[in-house]
Amino acid sequence: MTQRGRFLSIEGGEGVGKSTQIAALAEAIRTAGHDVIVTREPGGTQGAEAIRQMLLGGTAERWLPRAEALLFAAARSDHVERLIEPALESGKWVISDRFIDSSRAYQGGGSGLSDADILTLHEIGSRGLMPDRTLILRIDPDEATRRASVRDHGKPDRIQAREADFHKGVDVAFVSYAEREPRVRLVNADGPPATVTSRLLAEISDLLVPE
Ligand code: TMP
């Protein structure tokens with residue numbers, strides 16, 4: 001029987017260098033002998049990418065909080081059922097650029113929806129699938145804003161454009177998950193990229209060991 005693959009999610013605010021680190025992490029896991037699929041949220045499948053366009057484009061008022069949370073959950077449902085689950089079942093490792101903790105932090109905080117509501121939507125949409133490990137990249141918030149603005153040429157998407165206080169709240173939420181849930185690890189994303197990659201690998205070393 002094929003051993004089920006591992007599922008990693010990488011989280012963090014805007015501009016923390018997630019893409020670079022995900023590519024490096026995938027390469028290191030491949031070198032350790034595993035097949036790796038890299039994907040992203042919202043997105044990863046045709047349907048979920050279509051929902052991504054609806055979610056990230058348009059004006060700030062386009063979606064109210066409940067509809068927004070349902071759309072993220074719908075995108076995730078398609079992604080899990082069509083891509084993530086089949087890959088894990090066939091023994092592949094999956095690295096997702098964002099997953100459920102982004103919905104908890106971005107849609108759950110102060111929008112009228114509780115953490116329990118978001119997790120209920122996840123249960124319905126994706127049978128509550130949780131990553132084996134979640135790595136949250138963190139840097140100083142001012143530096144993150146600067147990097148994100150360079151990356152986006154001053155044109156943030158609908159959600160990136162929210163105020164600094166909103167993004168601070170997202171960071172506070174991420175830290176609180178790491179404090180309460182052993183699955184979730186905070187990783188310092190300051191410093192040379194190779195150093196950050198080593199920190200990420202240290203947080204998954206137990207998973208990389210063959211069972
Ligand atoms: P990114 O591709 O730059 O990571 O952008 C995705 C944006 O969508 C980012 O601002 C975070 C936001 N987001 C949510 O608000 N909820 C979610 O569940 C996910 C996956 C992303």
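Quick caveat: nothing in here was measured; it's all calculated off a predicted structure. Counting starts at 1 for both ligands and their atoms, following the listed order.
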Enumerate the atoms of ligand 1 whose separation from the nearest heavy atom of [X] is less than 4.0 angstrom.
{"X": "P42", "result": "20 (C), 21 (C)"}
{"X": "E41", "result": "20 (C)"}
{"X": "K18", "result": "4 (O)"}

ask   = With respect to atom 2 (O) of ligand 1, which of R158, R40, R52, R104 exhibits the smallest heavy-atom separation?
value =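 Considering heavy atoms of R158, R40, R52, R104, the nearest to atom 2 (O) of ligand 1 sits in R52.
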Around [atom], find the nearest protein heavy atom and jot down its residue, atom name and distance.
{"atom": "atom 10 (O) of ligand 1", "result": "E14 OE2, 3.1 Å"}
{"atom": "atom 3 (O) of ligand 1", "result": "Q160 NE2, 3.4 Å"}
{"atom": "atom 14 (C) of ligand 1", "result": "F72 CZ, 3.2 Å"}
{"atom": "atom 1 (P) of ligand 1", "result": "R98 NE, 3.8 Å"}
{"atom": "atom 18 (O) of ligand 1", "result": "S103 OG, 2.6 Å"}
{"atom": "atom 16 (N) of ligand 1", "result": "Q107 OE1, 2.8 Å"}
{"atom": "atom 8 (O) of ligand 1", "result": "L56 CD2, 3.6 Å"}

request  = Could you tell me whether L55 approaches ligand 1 through its side chain, its backbone, both or neither, with non-hydrogen atoms closer than 4.0 Å?
outcome  =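 No part of L55 is near ligand 1 at this cut-off.
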Below 4.0 angstrom, N of the basic side chain to O of the carboxylate: do [X] and [Y] qualify?
{"X": "E11", "Y": "R185", "result": "no"}
{"X": "R76", "Y": "E81", "result": "no"}
{"X": "D101", "Y": "R183", "result": "yes"}
{"X": "E203", "Y": "R133", "result": "no"}

request  = Flag this pair as yes if the NZ/CZ of R138 is under 6.0 angstrom from the six-membered ring centre of F174 and inside a 45 degree cone about the axis; otherwise no.
outcome  =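 That pair does not qualify as a cation-pi contact.
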message = Does the residue E68 have a heavy-atom contact with ligand 1, meaning some pair of atoms that are separated by less than 4.0 Å?
response =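 Flag not set, E68 not near ligand 1.
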inquiry  = Suppose we call two aromatic rings close when their centres sit under 6.0 Å apart. Are F72 and H79 close by that rule?
reply    =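 Not close enough - the centres of the two rings lie 6.0 Å or further apart.
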key: Side-chain heavy-atom pair E68, R62 within 4.5 angstrom cut-off   =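 Side chain of E68 against side chain of R62, heavy atoms only: no contact under 4.5 Å found.
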query = For the residue pair F166 and Y106, does the interplanar ring angle fall in the parallel (under 30°), tilted (30 to 60°) or perpendicular (over 60°) class?
reply =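 Taking Y106 first and then F166, their aromatic rings sit tilted (interplane angle of 30° to 60°).
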request  = Check the pair R66, L113 against side chain to side chain contact (heavy atoms under 4.5 Å, CB included), reporting the backbone distance first and the verdict last.
outcome  = CA-CA 7 Å; R66 283 164 196 281; L113 286 152; 4.1 Å; yes
